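Working notes, beginning with the structure itself.
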Amino acid sequence: MHFVNIFTRKLPESGASGPPAAQAALARPLVLGCFSVFLLLSGCGGTEPECDSLDTRNSVVKIVSDDNNNALVNYAAKNSSSVAAMVDDKLEAEKSAIWEKARQAAVYRLDDTILMNSRNRSAQEVTCIGLLYVTVADATAQKEVEFKVKQTADGKSIVSVNPFLF
């Protein structure tokens with residue numbers, strides 16, 4: 001990025017003999033014009049929240065994976081033939097431990113395509129939607145997930161995921 005020092009602009013040699021007040025009067029429109037362009041380029045309030053930033057993606061995956069009532073991972077575990085083979089002929093307590101271990105080893109991924117559903121500029125908030133995949137052993141399940149990203153006054157993002165039902 002290049003910066004131009006607009007406050008010490010010299011007049012052309014032919015007009016440099018004028019009084020300092022005249023020089024300042026000629027520089028003032030340039031300062032105001034550059035300031036206006038700066039405001040347009042900066043968006044007058046910082047950056048907007050993003051649906052597909054790495055931080056947002058990581059937050060969505062963490063929120064879902066940390067949910068103990070996560071129906072998506074339960075579905076994938078119940079439909080895994082390798083997990084089913086491990087629990088076959090086991091006592092109930094052993095089955096619970098195997099299911100829990102399979103759930104904890106699940107791998108989550110948010111699809112590359114994230115769509116913005118809505119944008120509220122005044123609230124600095126966007127609502128987004130994307131496909132979330134979870135793989136448990138040999139089974140993968142997917143579900144559309146809706147989430148919101150809100151930009152706080154200090155520039156940080158707050159992510160919330162709408163619960164989904166099966």
Side-chain angles (χ1 to χ4, degrees), residues 1-4 6 31-88 90-166:
M1 180 177 280
H2 297 283
F3 294 95
V4 177
I6 59 175
V31 170
L32 292 175
C34 289
F35 184 70
S36 298
V37 169
F38 174 75
L39 282 178
L40 283 172
L41 292 176
S42 69
C44 301
T47 61
E48 287 189 348
E50 296 179 31
C51 288
D52 62 350
S53 73
L54 183 59
D55 287 339
T56 300
R57 290 174 163 279
N58 289 339
S59 294
V60 169
V61 167
K62 180 155 179 48
I63 289 167
V64 174
S65 65
D66 286 351
D67 181 6
N68 290 331
N69 298 318
N70 181 345
L72 188 61
V73 75
N74 290 337
Y75 179 82
K78 298 281 186 206
N79 286 288
S80 168
S81 59
S82 61
V83 173
M86 287 189 281
V87 297
D88 194 31
K90 302 285 189 219
L91 297 174
E92 207 55 45
E94 292 173 310
K95 287 181 183 181
S96 293
I98 293 169
W99 290 117
E100 186 58 31
K101 187 175 180 180
R103 285 172 40 96
Q104 290 175 358
V107 177
Y108 293 83
R109 182 178 70 85
L110 199 53
D111 194 69
D112 292 337
T113 303
I114 306 282
L115 302 175
M116 184 184 312
N117 272 353
S118 65
R119 173 182 295 158
N120 184 338
R121 290 185 195 273
S122 63
Q124 289 286 314
E125 181 177 274
V126 291
T127 302
C128 315
I129 197 161
L131 281 177
L132 181 70
Y133 299 89
V134 62
T135 301
V136 176
D138 61 340
T140 299
Q142 71 180 27
K143 182 73 176 160
E144 191 173 81
V145 62
E146 184 179 74
F147 55 95
K148 290 183 183 182
V149 185
K150 182 171 179 64
Q151 189 88 28
T152 61
D154 61 356
K156 296 181 181 177
S157 294
I158 298 172
V159 178
S160 61
V161 176
N162 293 347
F164 47 84
L165 304 172
F166 272 83

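Predicted, not measured: the structure shown is a model, and the values here were computed from it.
Annotation: side chain of Val61 is in contact with side chain of Leu132 (closest heavy-atom distance under 4.5 Å). You'll find the side chain of Arg57 reaches within 4.5 Å of the side chain of Ile114, heavy atoms only.
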Tabulate below the donor-acceptor pairs under 3.5 Å that side-chain atoms of residues 145-155 make, not counting sequence neighbours, or state none.
from   : atom 1 : to     : atom 2 : distance (Å)
Glu146 : OE1    : Asn162 : ND2    : 2.4
Glu146 : OE2    : Asn117 : ND2    : 3.2
Lys150 : NZ     : Ala123 : O      : 2.7
Gln151 : NE2    : Gly155 : O      : 2.6
Thr152 : OG1    : Asp154 : OD1    : 2.3
Thr152 : OG1    : Lys156 : N      : 3.1
Thr152 : OG1    : Lys156 : O      : 3.0
Asp154 : OD1    : Lys156 : N      : 3.4

Expected list for residues 90-100: side-chain donor-acceptor pairs under 3.5 angstrom, two or more places apart:
from   : atom 1 : to     : atom 2 : distance (Å)
Glu94  : OE1    : Leu91  : N      : 3.0
Ser96  : OG     : Glu92  : O      : 3.3
Glu100 : OE2    : Gln104 : NE2    : 3.1

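Asp111 pairs by the side chain to side chain contact (heavy atoms under 4.5 Å, CB included) definition with Arg109, Thr113, Leu131, Tyr133, not counting sequence neighbours.
Here the side chain of Arg103 pairs a donor or acceptor atom with the backbone of Asn68 at under 3.5 angstrom.
Closest heavy-atom contact between Cys51 and Thr56: O-CG2, 3.3 Å. What you find for Ser80 and Ala137 is that their closest heavy atoms are OG-CB, 3.4 Å. The two residues Ala106 and Val136 come nearest to each other via the heavy atoms CB-CG2, 3.8 Å.
Atom CD of Gln124 and atom CZ of Arg119 lie 10.0 Å apart (nearest 0.5 Å). Considering CD1 of Ile63 and CG of Asn70, their distance stands at 12.0 Å, rounded to 0.5 Å. To the nearest 0.5 Å, atom OG1 of residue Thr127 and atom CG of residue Leu115 are 12.5 Å apart.
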* Asked: What do the steps show when you test Val73 against Tyr108 for side chain to side chain contact (heavy atoms under 4.5 Å, CB included), and what is the final call?
  -> CA-CA 9 Å; Val73 75; Tyr108 293 83; 3.4 Å; yes
